[in-house]
Amino acid sequence: MSTRYNFRENEGRWQTAWEKALIYKARETTPKYYILEMFPYPSGRLHMGHVRNYIIGDVFARYKRALGYSVLHPMGWDAFGLPAENAAIQHGIHPKTWTLKNVRLMKEELQSLGISYDWSREILTCSPDYYSQEQKIFLDFLKEGIAYRKESFVNWDPVEGTVLANEQVIDGKGWRSGAPIERRKLSQWFLKITDFAEELLNDLFHLDHWPAQVKTMQINWIGRSEGARIQFPLIENQKILDVFTTRPDTIFGASFIGISPDHPFIEDLAKTSPALQTFIAECRALGTSQKDLETAEKKGFNTGLTVNHPFLKDHALPVYVANFVLMDYGTGVIFGCPAHDARDYEFAVKYNLPILPVVKGLSAEPLPYEGEGILMNSNFLNGLSVEEGKKEIISLLLKKKLGRPEVSYKLRDWGISRQRYWGCPIPIIHCSTCGTVPVPEDQLPVQLPEDVFFDQPGNPLDLHPTWKYVTCPSCGRTAERETDTFDTFMESSWYFARFCSPRSSLPFEKEKAEFWMPVDQYVGGIEHAILHLLYARFFTKALRKCGYWTLSEPFKNLLTQGMVCHETYRDQAGSWLSPDEVEKRNGDFVKISDNSPVKVGRSEKMSKSKCNVVPAAKIIEEYGADTARLFMLSDSPPERDFEWTEAGIEGSWRYINKLWRLVTSHASSVKETDVPSVFTERALDIRKLTHRTIFHVTQDIERFHYNRYVARLRELSNALEVFTPVDSSEIWAFQEAIHSLVLLLSPALPHLTEALWAELGHPPFVVNQPWPQADPAFLKEDKVILTLQVNGKKRGTIEVSADLSENEAKAIVLDLPSIQSHVQDKTVKKFIYIPGKIANVVL
RNA sequence: GCGGGCGUGGUGGAAUUGGUAGACACGCCAGACUUAGGAUCUGGUGGCUUAUGCCGUGGGGGUUCAAGUCCCUUCGCCCGCACCA
């Protein structure tokens, strides 16, 4: 027998055996459990972040299977996206070829990890099978008024040559290219996510098993504010300016009106004013990055127009075009109250506008003061609190028909048009007579042409010689196809539903989807807290509106895993070095090639740019999947960042072999026999440890405390290593322990435990064995260790029976010499006794 | 600026309702064994003291018989959003 576990032979063997036996095929039987990890973009190779994601999910899927659940655990490929097009441009490979090659490579790697996927449900979003269904969904959205087209300012990424959604603009830059975003006016398709803003917000409060951080981020993103809409009639003409404000109570402190340079009213005004045109151009040239905004000066353009104050007769307010007023939020018009708003204050100082305080804080607060207080200088509002003032002014506005309460959101509609080739074609035809005509359902899918070229800038679909020229489905005249494709976040917004019936000729079958959905456990990176997780929630509700199902929320439990990090290294010149290029010698790192000293940086998320990536394939090749799995599980809890270390993977490898030796060296002596009628004390101790381990491990897995799960099993195996059974009851107890150990480890180390199960003389598969049950008789303590304290300080411990009464405890404890020496002749004021925990003598 | 999170040995991290701080590992130290291995086994490992203790969960204060845990305050780090009226 070998003392070294041969993972190379075992892992492949068991993977094939599982596949042949259709072990992981999901069937519609109850109780069901749907566990899903965010599917990957096929970028080329599996990285450690993927590996961690899938292992976290797999342990849980395997555990639930062992508990008897019918588990749906599918995998697929989020296969549309820009990198494929970049590969085409740079290397002349067709995006489809590039993508399919990557899918093949990554699938191989995934399979070598031994994840329990039902591969028969695999989906590929770039195949017409999938995207034709997405086109169907879009047409339904169109019918329901959820999809619409409008001309608007959009975020234009000059590097990618496409439009981006608001969610994809990070700090004024493209989320992928990092290029400063430009504003362009284009005709684009949008989804009315704002119609669902209230529901998307309210339902967050029922997602009890989502991380608070993700919910908070979504709450902030949706950005609900309550306030009022107030009309300000222009004195010079009959037009009315609508203002949204959250501080209607400060109306008497208003000293000007600010309008966004992008407001339609201003566009009209600019037609006759070159000076205003210049001002608007200046505003638009201003960047939107953090630095730009921090250093940007408040600037205004006095239109010369004025409005009446709604509550003060003959009190005119000047109307400025102001660069800090956003067209995107509220109505694009504000009233400026300089005393109680920092921006208005800065603006008023610059343009010499009145600054009238109308809110008195607790003490003499410096202006601008934005806090709570009592209203003053406010006519009939004087003496009211801010909150009371808001209510009062709103009811008066209603009475005078000058305004009403209003709720405003930061959330914008989702722009889904992209000027790219490698995406789902938008099933629309533009006809000069009929306008935008949906492609009739029987003509779907609108298939991506494959004969495209990437040798010139612009969208290859638009440049294709024939593809876009069609006849109008409604009038039969020549017309043109929409050449934009969908944002790739569309595919990931409903894939979880497709998995329920992946080969259906509908997007998904209602019955199947309602059987499996919601996803019971979703696992993925925190980076999707807003984008993907918000879009998926929106789609679920939009699909409900279209009658696809009755579901409102797609993901019941959400786990956001931390990043996989690694130390970073730089050479003397400051260039990044990969872990392969450095070596530790006498405690210091040196560059292997020339022995020069290496600067060790902090541990950071594995990334190509910092050269601190450890390829998953290399680790599986060198140590095997189970070693990688064990290491990923044992050090940090899943939600936290994980630090990849060479020492850590080595340690896991050693433990795998330790387990192999422990089980195989006893395999022959461990045989099925009847339960002994009498157990020795030592046998009972081992049984107690076994059953407690079962109990705690079960709890740990349920709560995703995987690091503790591993620690408990190490404790059990440590105890078994030094235990030599001498009579039949001890052999029986030992056997029970070994079997439990193998069964409990099976979700984490599926290959090794199959091999051990076979070594123990069992037929396959350990993966089909039920989860061990803890015998409650062994969970009860009969003897406990009581901590003894005098005045709250630990003065020793004592073993006592668990059901000791307070009086008995008091008698025993006060009699102890170690306690007596502290008590001496002092009186005992109090005796605190927490059974099984503590006895505290207070003097 | 707004919102959220975190801070425990040399390191990753344990620690129901407040109840033995440091489980389990990594690393390190000492030893054993050897067919010299990707070993293995045994013992030790918070600090200061030197066999009795004292101090220890970023700092300061508080509540309590008892605080890593609760409250106040302060410092540091990380993440998200941000001219949102």
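Below, chain A is the first sequence line, B the second, and so on; all start at residue 1. Worth knowing before you read on, the calculation uses all heavy atoms, side chains too, and leaves out hydrogens, waters and symmetry mates.
- Base contact: A:Val325 has a heavy atom under 4.0 Å from a base atom.
- Applying the side-chain hydrogen bond (donor to acceptor under 3.5 Å, both in side chains) rule to pairs touching residues 630-642 of chain A yields nothing, sequence neighbours excluded.
- With both ends at atom P, the span from B:C26 to B:C41 equals 11 Å, rounded to whole Å.
- Taking the side chain to side chain donor-acceptor pair (under 3.5 Å) definition, one finds that A:Tyr351 meets it with nothing, sequence neighbours left out.
- Taking atom P in both B:G22 and B:A32, the straight-line distance is 31 Å, to the nearest Å.
- As the counterpart of B:U57, no nucleotide is assigned, since no Watson-Crick or G-U wobble pattern has both distances under 3.5 Å.
- In this structure A:Tyr369 satisfies the side chain to side chain donor-acceptor pair (under 3.5 Å) test with no other residue, sequence neighbours excluded.
- Of the candidates B:G12, B:C26, B:A85, the closest approach to any side-chain atom of A:Ala647 belongs to B:C26.
- A close approach under 4.0 Å does occur between a side-chain nitrogen or oxygen of A:Asn718 and OP1 or OP2 of B:A25.
- Nucleotide B:C83 forms a pair with no other nucleotide shown, judged by Watson-Crick or G-U wobble geometry with both contacts under 3.5 Å.
- In this structure, OH of A:Tyr655 is placed 8 Å from P of B:A25, rounded to the nearest angstrom.
- Atom name C1', nucleotides B:A30 and B:C75: the rounded distance is 41 Å, in whole Å.
- Applying the 90° criterion around 0 to the glycosidic angle, B:G47 comes out anti.
- Atom pair A:Glu567:CD and B:G12:P shows a separation of 11 Å (rounding to whole Å applied).
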Heteroatom pairs (N/O) under 3.5 angstrom, protein to nucleotides 3-7 of chain B:
{"from": "B:G3", "atom 1": "O2'", "to": "A:Asn220", "atom 2": "ND2", "distance (Å)": "3.4"}

For each nucleotide in nucleotides 36-58 of chain B, reading 5' to 3', give B when a protein heavy atom comes within less than 4.0 Å of its base, S when such contact involves only the sugar-phosphate, and - otherwise. -SBSSS------------SS---
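- Taking the six-membered ring where tryptophan is involved, the planes of A:Phe232 and A:Phe335 are tilted, since the angle between them lies from 30° to 60°.
- Under the 3.5 Å distance criterion, with hydrogens and angles disregarded, a donor-acceptor pair is assigned to the side chains of A:Tyr655 and A:Ser717.
- For the pair A:Asp700 CG and B:U16 P, the interatomic distance rounds to 11 Å; values are reported in whole Å.
- When the side chain to side chain contact (heavy atoms under 4.5 Å, CB included) test is applied to A:Asn220, the partners found at least two apart in sequence or on another chain are A:Thr216.
- The partner of B:C6 is B:G76, by the rule that a Watson-Crick or G-U pair needs both atom distances under 3.5 Å.
- Checked against the 6.0 Å centroid threshold, A:Phe631 and A:Trp644 count as a close aromatic pair.
- Residue-level contact check: A:Arg247 touches the backbone only, with heavy atoms under 4.0 Å from sugar-phosphate atoms and none from bases.
- The side chain to side chain contact (heavy atoms under 4.5 Å, CB included) search around A:Lys350 returns A:Glu297, A:Lys299, not counting sequence neighbours.
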Across nucleotides 66-72 of chain B, 5' to 3', mark each nucleotide with B, S or - according to how protein heavy atoms within less than 4.0 Å reach it. -------
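- Looking at residues two or more places apart in sequence or on another chain, you find a salt bridge (Lys or Arg N to Asp or Glu O under 4.0 Å) between A:Glu226 and A:Arg224.
- Between B:A85, B:A25, B:C83, one nucleotide has an atom nearer to the side chain of A:Arg714 than all others, and that is B:A25.
- Under the side chain to side chain donor-acceptor pair (under 3.5 Å) criterion, A:Arg404 pairs with A:Glu406, sequence neighbours left out.
- Between A:Lys618 and A:Glu621 there is no salt bridge, since no side-chain N of the basic residue sits under 4.0 Å from a carboxylate O of the acidic one.
- B:G43 and B:A23 are spaced 15 Å apart, taking the P atom of each and rounding to whole Å.
- Per the geometry, OH belonging to A:Tyr409 stands 19 Å off C1' belonging to B:C81, to the nearest Å.
- Distance noted for atom P between B:U8 and B:U57: 11 Å (whole Å).
- Residues forming a side chain to side chain contact (heavy atoms under 4.5 Å, CB included) with A:Met217 (at least two apart in sequence, or on another chain): A:Gln213, A:Ala529, A:Ile530.
- The partner of B:U11 is B:A25, by the rule that a Watson-Crick or G-U pair needs both atom distances under 3.5 Å.
- Distances were taken from every side-chain heavy atom of A:Ala711 (C-beta onward) to each of B:G27, B:G19, B:C24; the shortest belongs to B:C24.
- Rounded to whole Å, atom P of B:G27 lies 13 Å from atom CD1 of A:Ile649.
- Pairing partner, B:U20: none, since no Watson-Crick or wobble contact has both distances short of 3.5 Å.
- A:Lys794 pairs by the side chain to side chain contact (heavy atoms under 4.5 Å, CB included) definition with A:Thr787, A:Thr797, not counting sequence neighbours.
- Without hydrogens or angle criteria, A:His340 side chain to A:Val359 main chain gives a donor-acceptor distance under 3.5 Å.
- Place A:Gln699 and A:Thr787 on RNA chain B by their nearest nucleotides, and A:Gln699 ends up nearer the 5' end.
- The side chain of A:Ser652 places no N or O atom within less than 4.0 Å of a non-bridging phosphate oxygen (OP1 or OP2) of B:A25.
- Closest to the side chain of A:Ile832, from the set B:A85, B:C65, B:A82, is B:C65.
- Spacing between B:G68 and B:C33 at atom P, rounded to whole Å, works out to 45 Å.
- With hydrogens and angles ignored, no donor-acceptor pair closer than 3.5 Å exists between the side chain of A:Lys829 and the base of B:C65.
- Atom C1' of nucleotide B:C81 and atom CG of A:Leu531 are separated by 13 Å, given to the nearest angstrom.
- The main-chain N or O of A:Leu662 is found under 3.5 Å from a side-chain atom of A:Ser665 such that the two form a donor-acceptor pair.
- Checking B:A85, B:G12, B:G19 against every side-chain atom of A:Asp635, the shortest atom distance belongs to B:G12.
- Atom name P, nucleotides B:U20 and B:C70: the rounded distance is 16 Å, in whole Å.
- Base pairing of B:G31: its partner is B:C41, meeting the Watson-Crick or G-U wobble criterion (both donor-acceptor distances under 3.5 Å).
- Side-chain atoms of A:Phe324 lie closest to B:C83 of the nucleotides B:G12, B:G19, B:C83.
- At the heavy-atom level, A:Glu643 lies nowhere under 4.0 Å from the strands shown.
- Distance A:Ile530 CD1 to B:C79 C1': 11 Å, rounded to the nearest Å.
- Using a 4.0 Å cut-off between charged side-chain N and carboxylate O, A:Glu721 and A:Arg661 make no salt bridge.
- Counting non-hydrogen atoms under 4.0 angstrom, A:Ser636 reaches the backbone sugars and phosphates but no base.
- Atoms NE2 (A:His528) and C1' (B:G80) sit 15 Å apart, rounded to a whole Å.
- If you find the closest nucleotide of RNA chain B to A:Val710 and to A:Met327, the one lying nearer the 5' end belongs to A:Val710.
- Straight-line distance between the C1' atoms of B:G27 and B:U73: roughly 37 Å, to the nearest whole Å.
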